[in-house]
Amino acid sequence: MFADNVGSMDDVISVKNLSKSIGNHQVLKNICFSVKKGSTVAIYGPNGAGKTTLFKILSTLWTPTEGSVAINKFDVSTDSSNIRKSIGILSHETFLYNDLTAEENLCFYGQMYGIDNDILDKRIEYFLEKTGITYRATDRVSELSRGMKQRLSIARTLIHEPQVLFLDEPYTGLDQNAVNVFENILKELDSKKTTKLIVSHNIEQSFKLCDRAIILDKGKIVFDDLKKDISDVGSFKQTYKNLINS
Amino acid sequence: MIQSLRIALKDLKSEFRTKQMLNSMLVFSLIVIVIFSISFGNLLNRSQIIGQLAPGVLWISFTFAGTLGLSRSFAAELENGCLDGLKLCSFNWNSIYIGKMLSSTILMITIELIIIPLFIVFFNFNIQGIHGLFIILVLGTIGYISVGTLLSALTVNIRTREILLPVLLLPLIIPILLPAVLATGKLFSGGNITDVFQEIRLLIVYDIIFFVIAQLVFEYAIQD
């Protein structure tokens with residue numbers, strides 16, 4: 001039930017004995033795992049399991065109480081600025097400015113990541129087209145629907161071509177067409193060896209994208225295995241139910 | 001520095017497009033000026049008395065209008081989780097502080113430049129030493145915004161931030177307000193820039209102190 005995934009040379013993410021306490025409550029308890037370059041790991045767990053806290057720490061927004069977390073060999077506590085350059089986060093919050101247009105939002109984030117204007121213009125055009133929102137490029141974000149905002153948020157996440165992607169409930173607000181677009185983009189990223197971590201309650205949809213599944217419950221990893229060692233999504237769902245109910 | 005400029009430009013673009021803060025700050029300042037001009041109506045032809053009252057009236061109006069603007073400075077970033085997005089794309093979090101400080105200072109000075117002519121009209125008062133006044137306004141505003149931006153970040157995740165911000169801010173800006181009001185008073189009483197040199201020096205020192213302290217503690221202030 002636990003894959004031997006801790007500590008090797010080609011690890012992009014390395015989490016060792018990670019604990020996080022908020023007030024008196026210990027949200028994460030002695031978490032250990034590592035992720036190899038180019039792999040896609042899905043993290044599942046009920047509400048309050050610690051998934052969002054884990055993502056906040058991995059993305060340098062929070063610091064660990066104990067243990068260490070390294071991304072691309074940079075420690076989240078001491079080298080956070082180097083980590084931020086190489087990660088992208090797609091969250092249920094879009095990180096988009098309502099008073100700026102779709103294009104201006106992408107331009108702002110692209111410039112913040114230090115992308116040259118010529119390259120940025122091409123990337124904006126490419127991602128707007130890829131996510132199917134070119135015709136709304138000059139509309140303010142406040143005028144876009146939830147699904148459109150999520151599509152734009154996908155473009156925002158990818159604008160600086162991150163090496164590591166954290167996807168927190170990425171399917172929120174997406175219609176079937178947008179889900180297909182999103183999954184095609186993720187498949188394209190496989191060829192670029194982009195490492196992906198997905199948190200989702202939608203086991204069916206996210207399980208087919210991943211090559212490894214982790215279940216987090218009450219701040220602990222209770223399951224960690226490669227997809228090839230799990231027979232099918234049905235049996236995984238049963239395992240999930242059994243572990244969470246126990 | 002380039003990241004700070006981009007943050008400031010983004011804020012100013014949003015603000016000049018919606019004019020949410022500008023309008024509320026302007027209306028607030030205007031109300032203060034109008035109320036004071038009505039209550040001092042029988043003194044408006046006595047320029048010596050008005051000259052003594054004017055610095056207080058002006059700085060009260062700027063201070064409270066500025067508090068309105070500062071309370072929105074970081075709170076606006078909470079929509080759609082933009083503060084997290086900003087923290088993730090800012091490789092050095094101090095650039096967020098400088099960017100926010102720049103945009104708030106520009107907004108505040110814009111308000112001041114609109115309010116001063118209106119003040120001249122409502123109070124029927126001829127302002128002397130306009131160059132000196134501009135220097136005092138800029139230095140006073142920078143100091144005020146330095147402290148205010150830090151406190152705005154510190155209180156952004158607190159539910160009662162609109163109440164807490166002025167409570168924390170007003171006592172802290174007394175060292176800036178005192179020389180600013182005194183210098184404005186001297187200029188309005190016919191003094192020139194050499195007469196307010198001591199106050200200008202004090203304002204510069206306070207601006208530097210507050211800016212450096214804010215730079216040192218901002219990363220801790222903005223952490224969740």
Side-chain angles (χ1 to χ4, degrees), chain A residues 20 22 52-53 55-63 74 77 79-101 104-115 117 120 140-142 144 146 149-150 152-153 156-157 159-160 162 164 166 168 173, chain B residues 1-24 69 72-100 102-103 107 153 156-158 215 217-224:
Chain A
K20 176 73 182 176
I22 298 172
T52 303
T53 304
F55 261 35
K56 290 245 182 194
I57 293 170
L58 290 173
S59 59
T60 75
L61 292 173
W62 288 1
T63 49
F74 293 114
S77 305
D79 290 314
S80 52
S81 58
N82 282 317
I83 293 173
R84 283 181 211 131
K85 289 172 192 170
S86 63
I87 62 171
I89 296 193
L90 180 64
S91 157
H92 52 275
E93 300 241 55
T94 59
F95 302 169
L96 297 171
Y97 291 94
N98 281 336
D99 300 322
L100 300 182
T101 66
E104 285 169 346
N105 267 284
L106 295 183
C107 188
F108 170 68
Y109 279 106
Q111 286 178 334
M112 287 297 285
Y113 282 108
I115 304 167
N117 283 341
L120 183 58
R140 283 191 209 179
V141 166
S142 56
L144 302 180
R146 181 73 185 87
K149 284 180 190 170
Q150 192 65 5
L152 182 59
S153 188
R156 174 199 54 75
T157 307
I159 197 78
H160 60 296
V164 183
F166 298 116
D168 187 2
Chain B
M1 190 62 195
I2 195 99
Q3 283 205 322
S4 304
L5 286 174
R6 286 193 171 124
I7 293 167
L9 278 175
K10 180 266 297 171
D11 281 354
L12 291 171
K13 191 186 271 182
S14 286
E15 184 49 38
F16 283 104
R17 192 170 279 169
T18 61
K19 299 182 186 67
Q20 281 178 340
M21 271 197 285
L22 267 177
N23 284 344
S24 50
R72 286 289 300 159
S73 176
F74 276 89
E77 297 284 346
L78 293 180
E79 278 178 18
N80 300 336
C82 287
L83 189 56
D84 278 349
L86 197 56
K87 281 152 86 174
L88 287 166
C89 67
S90 304
F91 306 137
N92 179 354
W93 284 355
N94 277 336
S95 64
I96 302 176
Y97 171 79
I98 298 172
K100 289 283 174 189
L102 271 174
S103 59
L107 280 182
V156 70
N157 289 316
I158 300 169
Q215 287 282 300
V217 300
F218 184 73
E219 281 219 20
Y220 303 99
I222 204 168
Q223 267 173 6
D224 285 332

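So that the names make sense, note that chain A is the first sequence line, chain B the second, and so on, each numbered from 1. For clarity, every value in this text was computed on a predicted model and none was experimentally measured.
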Checklist outcome for this item: SG (B/Cys89) and CD1 (A/Ile87) are apart, to the nearest 0.5 Å, by 11.0 Å
Checklist entry - Which region of B/Ile7, side chain (C-beta onward) or backbone (N, CA, C, O), has a non-hydrogen atom less than 4.5 Å from a non-hydrogen atom of chain A, or is it both or neither? => result both
Next on the checklist: For a 4.5 angstrom cut-off between non-hydrogen side-chain atoms, does B/Leu88 reach A/Phe95?
Outcome noted: yes
Hey, can you dump all donor-acceptor pairs under 3.5 Å between chain B and chain A, distances included?
from, atom 1, to, atom 2, distance (Å)
B/Gln3, NE2, A/Met112, O, 2.6
B/Arg6, NH1, A/Gln111, O, 3.2
B/Lys10, NZ, A/Tyr97, OH, 3.4
B/Arg17, NH1, A/Asp99, O, 2.9
B/Arg17, NH1, A/Glu104, OE1, 2.7
B/Arg17, NH2, A/Glu104, OE1, 3.3
B/Arg17, NH2, A/Glu104, OE2, 2.8
B/Glu77, OE1, A/Tyr97, OH, 2.6
B/Glu79, OE1, A/Asn98, ND2, 3.1
B/Asn80, O, A/Phe95, N, 2.8
B/Asn80, ND2, A/Leu96, O, 2.8
B/Asn80, ND2, A/Asn98, OD1, 3.0
B/Gly81, N, A/Glu93, OE1, 3.4
B/Asp84, OD2, A/Lys56, NZ, 3.0
B/Ser90, O, A/Arg84, NH1, 3.2
B/Phe91, O, A/Arg84, NH1, 3.3
B/Asp224, OD2, A/Trp62, NE1, 2.9

Checklist entry - Relative to chain B, which segment of A/Ile83 carries a heavy atom at a distance below 4.5 Å: side chain, backbone, both, or neither? => result neither
Checklist outcome for this item: A/Phe166 meets the ring pair (Phe, Tyr, Trp, His ring centres under 6.0 Å) criterion, sequence neighbours left out, with A/Phe55
